[in-house]
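One structure is given here, and the rest of the page talks about it.
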Amino acid sequence: MKVGILTLGCKVNTYESEFIANKLKEAGYEIVDFNDLCDVYIINTCTVTNTSDVKSRKMIRQAIRKNKDACIVAMGCFIEANHDFRMDGLDIVIGNKDKSKIVEILEEYFQKRKEIRDLYEEEYKEFEDMDISDFPGRTRAFVKIQDGCENFCSYCIIPYVRGKCRSKDKNKVIKEVNSLIQNGYYEIVLTGIHTGNYGVDIDTDFATILEEICKLEGLKRLRISSIEITELTDKVLEVIKKYSVIVDHLHIPLQAGSDEVLKQMNRKYDLSYFYKKIEAIRKIRPQISITTDIIVGHPGETDEMFEKTLETARNLKFAKIHVFPYSVRKGTASASMKQIDGNEKKKRAQRLLALSRQLEQEYFETFRGKKVEVLIETTKESTSFGHTGNFLPVKINKELKHNTFYNATITKIEYPYCIGK
């Protein structure tokens, strides 16, 4: 049977979809492109914004239209947020629990040919173990070490759809990372819903697992997918200072550059704290690329508060800003606040995106004429593409070997690439 898998949303979903694909291949299923004619379509959904919801529904509908005889599976965060969601032609509905049981669930469906709705109302208490030893076609392998979030930021639905913080057993993390290294992956990305909160439920902490992974032989690059500023503790910073295998890149969500908005968002820091921590990071890693997320148009954000966000972003010299117009999430505290006009949100988003591009180009320029190490990811028509450890996107006009490191000199900037020789 042919199976097409579509992944929406975050790196955790990407990891889980890869695990699902591996399990299905082991069971004899053939994994093909989602756009092909398939016997089974799996949509791993996202609900972080209204746009995510719209896309999740659209792709489920699209799969149903592709083949009326196929088994259609919808799973993930959109389903968790909408337990009553139904659509004619949708056969299997799974939340975020039991994704690892996809083979058994499909077998049950094909035996009975009856709709399966595998949903839970109770709180998730245990980490659902998954492990991956291969990411076909990729140079960068993800390892999910944590799930769940208990921050309850006022705008965010994720704690309600992912549950409490749960961590993967430390020995299992080390074993999985080691397996990926042995299988030729030079770059490992640690990911989770609240990655830096790893260990809170199993009597350890993020700094400890980070250091143990750094000691593994054969690892060339270790990347943290995203981490909250409050989780970059002195202990974590000591590990980052000690091990060069940790790349010169951190993605640290700011969300707003105004103390008033941060308070309304129920974030756990103020600007003074954020500035001091960024200063401490740059003392140990002067050339580090720090990228961020910022939400514009959160309820209560005035023009003055938005201008403050622009000023803060400029001062912090982010290498890139991921911009999100505020999206109402039913059931969150921000949803009941007075909302800002949609056109105003778009205008603010455009201004912040323009600033992001400016800051990104300025960061690129600091590497003009410098030697960098590039891991080649793709080659197309005698042109190779890859990234440096600090996530510079580099284009080299030469056919180079996939998943191989090359030293290159940045000769010029042709946004969105640095040109390497």
request  = Test side chain to side chain donor-acceptor pair (under 3.5 Å) on Glu211 and Tyr243 and set out the steps.
outcome  = CA-CA 8 Å; Glu211 182 157 28; Tyr243 295 96; 2.8 Å; yes
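- Using a 4.5 Å heavy-atom threshold, the side chains of Phe85 and Leu90 count as touching.
- Glu16 has a carboxylate O that lies under 4.0 Å from a charged side-chain N of Arg162, or vice versa, which qualifies the two as a salt bridge.
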Name each donor-acceptor pair under 3.5 Å that joins a side chain in residues 20-34 to protein atoms two or more places apart or in another chain, with its distance.
unit_1, atom_1, unit_2, atom_2, d
Asp33, OD1, Asn35, N, 2.7
Asp33, OD1, Asn35, ND2, 3.3

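- Asp205 and Tyr198 form no side-chain donor-acceptor contact under 3.5 Å, judged by distance and modelled atom types alone.
- With a 4.5 Å cut-off on side-chain heavy atoms, Ile132 and Glu176 count as touching.
- Counting heavy atoms from C-beta on, the side chains of Leu271 and Leu262 come closer than 4.5 Å.
- Nearest heavy atom pair, residue Gly297 against residue Glu301, reads N-OE1, 2.7 Å.
- You'll find the side chain of Ile224 stays beyond 4.5 Å of the side chain of His251, heavy atoms only.
- In this structure, Phe78 and Arg57 have side chains that are in contact, with non-hydrogen atoms separated by less than 4.5 Å.
- Using a distance-only test at 3.5 Å, with no hydrogens or angles considered, a donor-acceptor pair links the side chain of Asn183 to the main chain of Ser133.
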Could you pull out all donor-acceptor pairs under 3.5 Å where a side-chain atom in residues 408-415 meets a protein atom, sequence neighbours excluded?
unit_1, atom_1, unit_2, atom_2, d
Thr411, OG1, Ile419, O, 3.3
Lys412, NZ, Glu414, OE2, 3.1
Tyr415, OH, Glu360, OE1, 2.7

query = After noting the C-alpha distance and the side-chain angles of Tyr417 and Phe385, does the key distance pass the ring-ring contact (aromatic ring centres under 6.0 Å, His included) rule?
reply = CA-CA 9 Å; Tyr417 295 104; Phe385 301 86; 5.4 Å; yes
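- A salt bridge links Arg140 to Glu187: one of the charged nitrogens lies within less than 4.0 Å of a carboxylate oxygen.
- Proximity of a side-chain donor or acceptor of Ser56 to a complementary backbone N or O of Ser52 within less than 3.5 Å is detected.
- Enclosure of atom NZ in Lys66 by more than 12 non-hydrogen atoms of other residues, nucleotides or ligands within 6.0 angstrom is indicated.
- Side-chain atoms of Asn67 come within 3.5 Å of backbone N or O of Asp69 as a donor-acceptor pair.
- Contact check on Arg285 versus Asp248 returns a salt bridge, with a Lys/Arg side-chain nitrogen under 4.0 Å from an Asp/Glu carboxylate oxygen.
- Scanning both residues, Thr7 and Ser17, for their nearest heavy atoms gives OG1-OG, 2.8 Å.
- The distance from atom OG of Ser225 to atom CG of Leu190, rounded to the nearest 0.5 Å, is 7.5 Å.
- Applying the ring pair (Phe, Tyr, Trp, His ring centres under 6.0 Å) test to residues at least two apart or on different chains, none of the pairs has a partner in residues 209-232.
- Nearest heavy-atom pair across Asn96 and Gly76 is OD1-CA, 3.3 Å.
- Partner of Cys165 under the side-chain contact (heavy atoms from CB on, under 4.5 Å) criterion, chosen from Asn151, Asp201, Asn197: Asn197.
- Side-chain N/O atoms of Thr47 and Asp53 include a donor and acceptor closer than 3.5 Å.
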request  = For Ile94 and Ile102, run side-chain contact (heavy atoms from CB on, under 4.5 Å): C-alpha distance rounded to whole Å, both residues' side-chain angles, the deciding distance at 0.1 Å, then the answer.
outcome  = CA-CA 9 Å; Ile94 308 172; Ile102 186 64; 4.1 Å; yes
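- What you find for Phe19 and Asp131 is that their closest heavy atoms are CD1-O, 3.4 Å.
- In this structure, Asp129 pairs ionically with Lys172, as a charged nitrogen and a carboxylate oxygen lie closer than 4.0 Å.
- With respect to Arg166 and Asp147, a salt bridge is recorded, a charged nitrogen being found less than 4.0 Å from a carboxylate O.
- Note on Arg368 versus Glu365: salt bridge recorded, some NZ/NE/NH1/NH2 to OD/OE distance being below 4.0 Å.
- Looking at every heavy atom in both residues, Asp270 comes nearest to Tyr273 through OD1-N, 2.9 Å.
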key: Worked check of side-chain contact (heavy atoms from CB on, under 4.5 Å) between Leu6 and Leu8   = CA-CA 7 Å; Leu6 180 75; Leu8 304 173; 4.2 Å; yes
task = Before giving the answer on side chain to side chain donor-acceptor pair (under 3.5 Å), spell out for Thr312 and Thr309 the whole-Å C-alpha distance, their side-chain angles and the decisive distance to 0.1 Å.
result = CA-CA 5 Å; Thr312 301; Thr309 288; 5.9 Å; no
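- Shown here is Lys330, whose NZ atom has no more than 12 heavy atoms of other residues, nucleotides or ligands within 6.0 Å.
- At most 12 heavy atoms of other shown residues, nucleotides or ligands fall within 6.0 angstrom of atom OH in Tyr186.
- Looking at Ser327, its side chain does come within 3.5 Å of a backbone N or O of Asn50 through a donor-acceptor pair.
- Between Glu228 and Arg267, at least one side-chain N (NZ, or NE/NH1/NH2) sits under 4.0 Å from a carboxylate O, which counts as a salt bridge.
- The shortest non-hydrogen separation linking Ser100 to Glu128 is OG-OE2, 2.6 Å.
- Under the 6.0 Å distance and 45° angle rule, Lys277 does not count as a cation-pi partner of Tyr269.
- Side-chain N/O atoms of His298 and Ser334 include a donor and acceptor closer than 3.5 Å.
- A cation-pi arrangement is present between Lys97 and Tyr120, with the terminal nitrogen or guanidinium carbon under 6.0 Å from the aromatic centre and inside a 45° cone about the axis.
- Taking a 6.0 Å sphere around NZ of Lys99, one finds it holds more than 12 heavy atoms contributed by other residues, nucleotides or ligands.
- At least one donor-acceptor pair under 3.5 Å links the side chain of Tyr363 to the backbone N or O of Gln287.
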